[in-house]
Trainee: 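Structure in structure tokens, see below.
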There are 2 protein chains.
Amino acid sequence: MSCAGSRARVVAAGVDAPRQPTRGPDPSTVRLVTAGEETGTFRGIRVGRIAAPLREQVIDGLRTAILEFELQPGQRLVERELVEQTGVSRATIREALRELAAEGLVVTVPQKGAMVYKPSADEARDLYAVRASLEALTVRRFIERARAAHHDRLRATVTALEEDVADGADMHRLLRDKDLFYTELLAGAASPTIEQILGGVQARVRLLRATSMSQPGRAAQMAAEMRALVEAITARDVASAQRLCIEHLDNAAATALAALDGVGRQGS
Amino acid sequence: MSCAGSRARVVAAGVDAPRQPTRGPDPSTVRLVTAGEETGTFRGIRVGRIAAPLREQVIDGLRTAILEFELQPGQRLVERELVEQTGVSRATIREALRELAAEGLVVTVPQKGAMVYKPSADEARDLYAVRASLEALTVRRFIERARAAHHDRLRATVTALEEDVADGADMHRLLRDKDLFYTELLAGAASPTIEQILGGVQARVRLLRATSMSQPGRAAQMAAEMRALVEAITARDVASAQRLCIEHLDNAAATALAALDGVGRQGS
DNA sequence: TTTTCCAGATTGTCAGACAGACTCACGATC
DNA sequence: GATCGTGAGTCTGTCTGACAATCTGGAAAA
């Protein structure tokens, strides 16, 4: 992900690359410009605001690791191990864990520590319900606010998804396609507030999506649903779009929950 | 070693009541049973789990101070000052701030520090929209899951609210009444997931409610809306209840936004 | 008056310590 | 042989002290 030479590796869970001295004020850490954030322009020269604090890098790294299943749901996150893997101090790790905990991606048991969030069947049901509500809202906002370019990009993500499904791409790839779709949807909805809240929910649901999408036949059905949804959005038909959105998530929930019941718990 | 005399005051923002020893392992801290949490029962003897970590106490204190407007929206939260007011170390304060930041009650500007969240008009609009979606969902869950006792308690909160409105109680009191209503609603809905997510949104909206509810005439209207809502819930009429819920929040949003535009920014 | 520069205040991060809570295996007891 | 303590080791919760980098406000210089 970001980062420089040897520092603050992306906490790749398990992999341990050796580490240099590492000091707070180490210049090699500071120079890189973190994507978004406050970036100004002066006379055509991009002035990147300092990379996010180290803490942010750690948070991003952990979040990615969790969402990519490098860290399995239920897995314990021992502070000392994270310190070794990331090279940052325990204080920083703890701050990062607190933030991820508030975000819902990790749960903290007092006197026991943090572990990757592992939704129960009941929680999963509610997460899907919450997500359906919020996505319906997002779709409405998209139709209200998005400009032509947004519509085009949104349609493009669905096309890409369909192609990957046709090619029989693996689940990993399809998940990424869907992520792109939602990224565009949120961009067009132009609401940082919704983005933040829905983002947290989607992240947690993502921990379930792996199981749901690997069900045979589900991928094709999913692509069809997305296509219908995006058509309704293009037609600026709020009611239909919201209905399709909710139906899509109902289906996804049903599949995921069925898989959850069937599989039980192997894994970690 | 560790601390002594005057420590860990409950961060009452400004007010400083003296405090007892209080240490992590100090028995006087440990003995109190934190409301919910893991509490087991053995042969009729309630075994309370340890009080929340110090950090949790700080978070609760800060959260309360913010929601009670002891800390004004936009006000800076300087770490050193919090350390002095609470008596806990900077590390603990920082962890608490990270958690509140992820929760949305404080915003953190890199290299600048934390300040109490102060929603812009746009953000306020979206917050109300998100809240409407989620509360409609909550109402549905309540009707699905709540038992008779829940219904009774919910009705009771509305009755109390009506009485306070009739008595011309102050806004502070009315806010508390509404909080009780929502507490009951969430209890009946029996969904920790929804509670967590909606809780964060409500907290942020609460920072606006003070202005909206102090508008003349709004209190009575609000009480009437709540009454209608609770009647629909009692009748288990999901569609009507959801509609009333959304209408109620649309009104609240309109009032709050009007007040927000009119007032501008005085305060801190 | 405007620009420059310095000192103080504040955040970001680190290192090291230590008490208390938890886990678990080992040996003593019934 | 099964139960109960006990003790070592591990890990979290907190504290202390320190220092670099950044920001801010105001004094000094142009």
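Throughout, protein chains are lettered first and strands after them, A, B, ... in sequence-line order, and every chain is numbered starting at 1. Side chains are part of it too, since the values below use all heavy atoms of this structure and drop only hydrogens, waters and symmetry mates.
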Trainee: Please write out each protein N/O paired with an N/O of nucleotides 7-10 of chain C under 3.5 Å, distance rounded to 0.1 Å.
Mentor:
from	atom 1	to	atom 2	distance (Å)
C:dT10	OP2	B:Arg80	NE	3.4
C:dT10	OP2	B:Arg80	NH2	2.8

Trainee: What residues, two or more places apart in sequence or in another chain, satisfy side chain to side chain donor-acceptor pair (under 3.5 Å) together with B:Ser191?
Mentor: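 Only A:Asp126 meet the side chain to side chain donor-acceptor pair (under 3.5 Å) criterion with B:Ser191.
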
Trainee: Once hydrogens and angles are ignored, does a donor-acceptor distance under 3.5 Å link the base of D:dT14 to the side chain of A:Arg90?
Mentor: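 Pair found.
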
Trainee: Categorize B:Arg94 for me: base, sugar-phosphate, or nothing, with a 4.0 angstrom heavy-atom threshold over every strand shown.
Mentor: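 If one applies the 4.0 Å heavy-atom cut-off, B:Arg94 turns out to touch a base.
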
Trainee: Among the nucleotides C:dG12, D:dT14, C:dA15, which one has an atom lying closest to any side-chain atom of A:Ser89?
Mentor: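 Within the option list, the nearest is C:dA15.
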
Trainee: Of the nucleotides D:dG13, C:dC14, C:dG12, which one has an atom closest to the side chain of A:Thr92?
Mentor: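 It is C:dC14.
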
Trainee: Less than 4.0 Å between a side-chain N and a carboxylate O, is that true for A:Arg76 and A:Glu81?
Mentor: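 No, this pair does not count.
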
Trainee: Run the side chain to side chain donor-acceptor pair (under 3.5 Å) test against B:Glu135 and tell me which residues pass, sequence neighbours left out.
Mentor: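 Partners of B:Glu135 by the side chain to side chain donor-acceptor pair (under 3.5 Å) criterion, ordered by chain and then number, come out as B:Arg131, B:Tyr182, B:Gln202.
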
Trainee: Any base atoms under 4.0 Å from B:Leu97, or only sugar-phosphate, or nothing? Heavy atoms, all strands.
Mentor: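 Counting heavy atoms under 4.0 Å across all strands, no contact is made by B:Leu97.
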
Trainee: Using the side chain to side chain donor-acceptor pair (under 3.5 Å) criterion, which residues pair with B:Ser120? Sequence neighbours excluded.
Mentor: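 By the side chain to side chain donor-acceptor pair (under 3.5 Å) rule, B:Ser120 matches B:Glu123.
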
Trainee: Just jot down the side-chain contact (heavy atoms from CB on, under 4.5 Å) partners of A:Ala203, sequence neighbours excluded, or say none.
Mentor: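 Only A:Leu67, A:Leu105 meet the side-chain contact (heavy atoms from CB on, under 4.5 Å) criterion with A:Ala203.
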
Trainee: Report the residues that fulfil side chain to side chain donor-acceptor pair (under 3.5 Å) with A:Glu95, sequence neighbours left out, ordered by chain and then residue number.
Mentor: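 Only A:Arg55, B:Arg94, B:Arg98 meet the side chain to side chain donor-acceptor pair (under 3.5 Å) criterion with A:Glu95.
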
